[in-house]
Amino acid sequence: MSDQFPPPLPPAHDDRRTGPVWEQPGPIGSRFLETVRGVLLDPTAFYRTMRRSAGLGPPLTFGIAGTLIGSLIGALYQLMFMSAGTGFGDVTAGEAAFASLFSSGCIVIVVPVFAVLGMFVGAAIYHVMLLLLGAARQPFETTMRVVAYAMGATSVLQIIPICGSVLAVVWSIVAYIIGLAQAHEIPTGKAAAAVLIPIAVCCVLTALFYAALLAVFLGAAFGGLQQ
Amino acid sequence: VTFEWRIPDVREIDHEALWSGVIVASALSAAVVLQLAGLPPIGCVFKALSGLPCLTCGFGRGLLSLSHGDVLSAARWNPLVPLGAAAAAAYVTYAAVALLAGSKRLRARVTGREALVFRWAVVAFCAVIWGFLIADAR
């Protein structure tokens with residue numbers, strides 16, 4: 001273990017890491033899909049070849065694009081369930097605010113703002129956990145890149161009806177663990193601890209997870225009753 | 001611990017610009033959300049399962065108290081709220097001064113042993129806060 005904290009910056013260029021397809025030239029649609037496919041289907045290879053310090057712009061734009069696509073489709077499903085399941089007559093104040101937000105098109109502005117804040121705050125929490133565990137072998141930028149690509153790609157899973165949001169939460173945790181392990185080149189156990197300890201301690205994400213699960217079951221139950 | 005006032009490496013992120021922006025944007029977003037929709041109706045799973053508060057229980061209600069200027073009530077809900085707010089305000093002030101003053105930034109350098117002490121201090125601090133929340137029957 002190094003006796004210096006924080007550790008010195010890594011070399012500026014690593015030949016083994018050529019970056020995700022998103023950061024290469026080419027048509028934007030195919031670059032996006034190829035990057036999503038890489039994170040979801042082969043995260044180990046994706047993060048093993050991801051550049052660790054090539055700026056925050058490309059991962060941030062990918063994260064925003066993925067989150068926006070996922071949120072818009074997820075919001076559309078939620079709106080459909082709300083109208084089919086409970087009707088607009090007895091919606092809660094939060095649901096009414098959400099429906100109003102969606103209908104006014106503000107979601108296109110609100111989602112990217114919250115996505116960027118979520119990525120920075122999430123990455124900061126994971127990086128602090130890595131520091132506390134003595135496993136932060138790379139600077140904050142590397143952690144931020146891992147989180148942005150994982151969040152952007154897994155948000156797209158919300159296009160799957162009913163269980164998409166739950167799948168996105170579960171797979172994002174998996175992607176964070178694999179990504180931090182590969183990008184920081186640390187044991188998977190330490191990466192898992194860095195991701196899971198905040199969830200266990202803060203329980204906010206756990207609560208959100210169970211709330212999403214409950215919403216899915218209630219939505220399915222209301223949907224079944226309507227039929 | 002060695003503090004130094006230096007120009008960061010060109011490859012380093014400008015943490016002062018980044019985190020002061022994130023803090024200000026988060027505070028504004030939280031204010032708008034609290035104003036429009038109030039506290040989200042999310043219960044604590046840990047408390048539901050164990051009967052004990054978690055480390056962040058009362059955070060939302062503490063933020064609400066703090067937004068009304070009631071620091072004591074905020075501290076009672078969760079001491080992390082006023083402490084975190086004070087730390088955030090101090091950091092934003094420092095960052096604003098540093099950004100206006102030029103390209104030099106304050107950086108701390110600690111040895112591995114000091115980092116270890118710091119880690120355990122953070123764990124002990126969290127344990128004290130958690131102990132308070134449990135003792136105060138949150």
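Letters go in sequence order (proteins before strands), and every chain restarts at 1. Only a predicted model underlies this, so the values are computations on that prediction, with no experimental measurement involved.
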Any idea which of B:Gly21, B:Cys126, B:Ser29 has the most non-hydrogen atom pairs under 4.5 angstrom with chain A? B:Ser29
Work out which heavy atom in A:Glu141 is nearest to a heavy atom in B:Ile13; give both atom names and the distance.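 In this case the closest contact between A:Glu141 and B:Ile13 is CB-CD1, 3.7 Å.
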What distance separates A:Leu132 CG from B:Leu116 CG, expressed to the nearest 0.5 Å?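 Interatomic distance, A:Leu132 CG to B:Leu116 CG, rounded to 0.5 Å: 11.0 Å.
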Contact part of B:Val22 toward chain A, heavy-atom cut-off under 4.5 Å: side chain, backbone, both or neither?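 The answer is both parts of B:Val22.
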B:Trp19 versus chain A, the contacting section by heavy-atom distance below 4.5 Å: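 Just its side chain gets close to chain A.
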Does B:Trp5 have more than 12 heavy atoms from other residues, nucleotides or ligands lying within 6.0 Å of its CH2?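 Yes, enclosed.
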Sort and list the pairs that fulfil ring pair (Phe, Tyr, Trp, His ring centres under 6.0 Å) and have at least one residue in residues 49-73 of chain A, not counting sequence neighbours.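 Ring pair (Phe, Tyr, Trp, His ring centres under 6.0 Å) check on residues 49-73 of chain A returns A:Trp22-A:Phe62, A:Phe32-A:Phe62, A:Phe62-A:Tyr149.
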